[in-house]
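Notes follow once the structure below has been shown.
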Number of protein chains: 2
Amino acid sequence: MASNTEENYLKALFQITIESGNKQEAGTNEIAAHLGVKPATANDMLKKLKLKKLIQYEKYGKSSLTKAGKKIAIEVVRKHRLWETFLFQKLAFSWDEVHEVAEQLEHIQSKKLIDKLDAYLEYPAFDPHGDTIPNAKGELNITIKKTLLEEEVGHQCKMIGVKDNSASFLQYVNKMGLSINQTIRIVARQAFDDLLEIEVNKKISSVSPKFAENIIVECAICNKATKA
Amino acid sequence: MASNTEENYLKALFQITIESGNKQEAGTNEIAAHLGVKPATANDMLKKLKLKKLIQYEKYGKSSLTKAGKKIAIEVVRKHRLWETFLFQKLAFSWDEVHEVAEQLEHIQSKKLIDKLDAYLEYPAFDPHGDTIPNAKGELNITIKKTLLEEEVGHQCKMIGVKDNSASFLQYVNKMGLSINQTIRIVARQAFDDLLEIEVNKKISSVSPKFAENIIVECAICNKATKA
DNA sequence: AAAATTAGTTAGGTTAGCCTAACTTTTATA
DNA sequence: TATAAAAGTTAGGCTAACCTAACTAATTTT
Ligand SMILES: [Mn+2]
Ligand SMILES: [Mn+2]
Ligand SMILES: [Mn+2]
Ligand SMILES: [Mn+2]
């Protein structure tokens, strides 16, 4: 069983590699910076994780997850995102409050708990930030985060998250009648000032490009999801 | 901020003293045994907790909680019991599965989380074992655990927990139409064989004394709750 | 009251996870 | 290609939470 700290390293490596850039590896300093520890500390841990066969690592080289390490990393990500969804949907936490608490909850060890939580939330596909939630088998749909700004005119999409987590933006979002899972239809894009006309709940309104690029959407029509 | 381990020691001291016996103190060996560590280990921690002014302790003497220590202990107990209630009521865990997971969840640090969870559960007074849940102010109603066996004939009471957590007993309980918060009326007590006639959901049935002493009830009529 | 038992303490040691300071290897730049 | 900068490693040290073994104090038992 991996310790909380080991889980954090595996998650960091996963996020730096698979999620962010597309190279399947990360340097010691990069990992250390991501976790807020010194390179010397990360170095110790990388050697330990290698011994446990959770990562591949050679002196002076980059690190990458083994199959076993990736499995653990994805489980942690799954727990993190399910807890965020729980906090947001059931306990009325705001977007910007969920992450910190989920950092703690993601280390609770109980397969049963997380699978029951998943069922209780009705198997959500996305967390409140619009990130994909891996399923119980560890399958993760890596959807390219698409924003409302990029959505095509005429298409109907679903809001699945936000990029900006500031209270002011979230209030603005609420005022526009938008929330997670809300259906949005793109009515038109004004060439003159780039304003986007959208239809929400049968009401048409206009939003700025700046606003639109902070709304994450999913579109059944132009979906190009891939399995990881 | 107290570490998980410190919290466990404070909770242990609380449970040994206030809850169990009625002396407000416990010995080093007793605490060590309760936590499954060696006396030498507990001794180290007691000295540390004394330094932090969370307990009173003198060499070769018994230990007791200070006001600050008791506050933390009660917060941990509150979290433990609220999480147990959540697992039981919302995630359909059985009585005997909740404790282990709650041992982990009780250390999550977020005042907001626990207060929101409390609200979400509609401020429950008892956990699935029939133990009182301290409120947000740290007030704890120490109700003497009363069983169905001791309930008076004619009284109407509410089932708040069970003593026996075995799967077989729980199934039996279910079969009798009983569950948490279920109202039970005591119809009669047969002098001949001590069988208890109870009314549940307008249906009358008989239960053995052995059965009755494993059902924890609360009775509005004969309630003698006290504040701690 | 002495002896035996139990309770509690101290000293010294381990491991995980962190650090700083000094060093080495790799990579970038002149 | 030499040199400087960046990246990575090693050595040695710290604290929290555990341990064992040896000790001392308090409490029973005889
Ligand atoms: Mn997060
Ligand atoms: Mn997220
Ligand atoms: Mn419990
Ligand atoms: Mn309980």
Side-chain angles (χ1 to χ4, degrees), chain A residues 1-13 16-17 20-21 23-65 69 72-73 76 103-104 106-109, chain B residues 1-13 16-17 20-21 23-65 69 72-73 76 103-104 106-109:
Chain A
M1 182 123 299
S3 69
N4 285 15
T5 308
E6 287 168 348
E7 286 189 347
N8 283 335
Y9 276 86
L10 294 172
K11 190 180 75 157
L13 189 45
I16 295 172
T17 60
S20 312
K23 315 176 283 261
Q24 299 279 105
E25 51 182 29
T28 305
N29 286 6
E30 211 175 349
I31 295 168
H34 196 270
L35 290 164
V37 298
K38 294 290 139 106
T41 303
N43 186 261
D44 283 349
M45 183 58 85
L46 293 177
K47 284 190 275 187
K48 200 198 342 176
L49 292 174
K50 185 200 169 152
L51 258 176
K52 288 195 167 191
K53 302 198 166 138
L54 298 173
I55 67 168
Q56 278 139 267
Y57 160 77
E58 294 303 331
K59 215 200 252 195
Y60 295 108
K62 308 278 179 185
S63 301
S64 60
L65 291 166
I72 295 175
V76 175
E103 282 296 315
Q104 296 181 60
E106 74 189 2
H107 301 294
I108 301 292
Q109 301 292 351
Chain B
M1 185 123 294
S3 70
N4 284 16
T5 307
E6 287 167 347
E7 285 190 347
N8 283 336
Y9 276 84
L10 295 173
K11 190 180 75 156
L13 190 45
I16 295 171
T17 61
S20 310
K23 314 177 284 260
Q24 300 279 108
E25 51 181 31
T28 304
N29 286 6
E30 210 175 350
I31 296 168
H34 196 270
L35 289 164
V37 298
K38 292 290 138 100
T41 304
N43 186 263
D44 282 349
M45 182 57 86
L46 293 178
K47 285 190 273 186
K48 202 204 329 183
L49 292 174
K50 187 204 167 150
L51 258 176
K52 288 195 168 193
K53 301 200 166 134
L54 297 174
I55 67 167
Q56 277 138 266
Y57 160 77
E58 294 303 331
K59 213 199 251 191
Y60 293 109
K62 308 276 177 185
S63 300
S64 60
L65 291 166
I72 294 174
V76 176
E103 281 297 314
Q104 297 181 60
E106 73 188 3
H107 301 293
I108 301 292
Q109 302 292 351

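So you know, we letter chains A, B, ... as the sequences are listed, proteins then strands, and number each from 1. All figures in this text were calculated on a predicted structure; none of them were measured in a lab.
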Would you mind reading off the distance between [X] atom [atom1] and [N] atom [atom2], rounded to a whole angstrom?
X: B/Lys62; N: D/dT27; atom1: NZ; atom2: C1'; result: 11 Å
X: B/Leu49; N: D/dA16; atom1: CG; atom2: P; result: 12 Å
X: B/Leu46; N: C/dT9; atom1: CG; atom2: P; result: 7 Å
X: A/Lys52; N: C/dA16; atom1: NZ; atom2: P; result: 8 Å
X: A/Met45; N: C/dC18; atom1: CE; atom2: C1'; result: 10 Å
X: A/Leu35; N: C/dC18; atom1: CG; atom2: C1'; result: 12 Å
X: B/Tyr60; N: C/dA7; atom1: OH; atom2: C1'; result: 9 Å
X: A/Glu58; N: D/dT9; atom1: CD; atom2: P; result: 10 Å

Quick one: does [X]'s side chain get under 4.5 Å of [Y]'s, heavy atoms only?
X: A/Lys11; Y: A/Glu106; value: yes
X: A/Leu49; Y: A/Met45; value: yes
X: B/Thr5; Y: B/Leu35; value: no
X: B/Leu13; Y: B/Ile55; value: yes
X: A/Ile31; Y: A/Val37; value: no

Review point. 5'-most contact on DNA chain C: A/Pro39 or A/Lys59, nearest heavy atom basis?
Key: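 In this pair, the answer is A/Pro39.
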Check your understanding: Looking across every strand, which nucleic acid part, if any, lies under 4.0 Å from A/Thr28 by heavy atom: base, sugar-phosphate, or nothing?
Key ->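 Sugar-phosphate, backbone atoms only, no base.
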Check your understanding: With sugar-phosphate meaning primed atoms plus P, OP1 and OP2, does A/Ala40 contact a base, only sugar-phosphate, or nothing at under 4.0 Å between heavy atoms?
Key ->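 Base contact - A/Ala40 has a heavy atom under 4.0 Å of at least one base atom.
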**Study point:** Check: B/Gln109 main-chain N/O paired with A/Gln104 side-chain donor or acceptor under 3.5 Å
**Key:**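 Looks like yes, one N/O pair under 3.5 Å.
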Taking only the side-chain nitrogens and oxygens of [X], find out if one of them lies under 4.0 Å from OP1 or OP2 of [N].
X: B/Lys47; N: C/dT10; result: yes
X: B/Thr41; N: D/dA17; result: no
X: A/Asn43; N: D/dG8; result: no
X: A/Lys38; N: D/dG8; result: no

**Study point:** Difference in axis direction between the ends of the helix from C/dA1-D/dT30 to C/dA30-D/dT1, five pairs, 10°
**Key:**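 The angle, to the nearest 10 degrees, is 0°.
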Practice item. Using a cut-off of strictly less than 4.0 Å between a heavy atom of the residue and any atom of DNA chain C, enumerate the qualifying residues of residues 1-9 of chain A by number. Key: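 Output list: A/Ser3, A/Thr5, A/Tyr9.
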Exercise for review: Evaluate side chain to side chain contact (heavy atoms under 4.5 Å, CB included) for A/Leu10 paired with A/Val76, printing each intermediate quantity in order.
Suggested key: CA-CA 9 Å; A/Leu10 294 172; A/Val76 175; over 6 Å; no
Exercise for review: Any pair with a residue in residues 49-60 of chain A that passes side-chain hydrogen bond (donor to acceptor under 3.5 Å, both in side chains), sequence neighbours left out, goes on the list, sorted by first then second residue, please.
Suggested key: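 Those involving residues 49-60 of chain A are A/Glu6-A/Lys52, A/Asn43-A/Tyr57, A/Lys50-A/Glu58.
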Point to revise | Given B/Glu103, B/His107, B/His34, the one that forms side-chain hydrogen bond (donor to acceptor under 3.5 Å, both in side chains) with B/Asn8 | key: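 Among B/Glu103, B/His107, B/His34, the one that satisfies the side-chain hydrogen bond (donor to acceptor under 3.5 Å, both in side chains) with B/Asn8 is B/His107.
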Exercise for review: Grab the two heavy atoms, one from A/Ala32 and one from A/Ala42, that are nearest each other, plus how far apart they are.
Suggested key: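 Taking every non-hydrogen atom into account, CB-CB, 3.8 Å.
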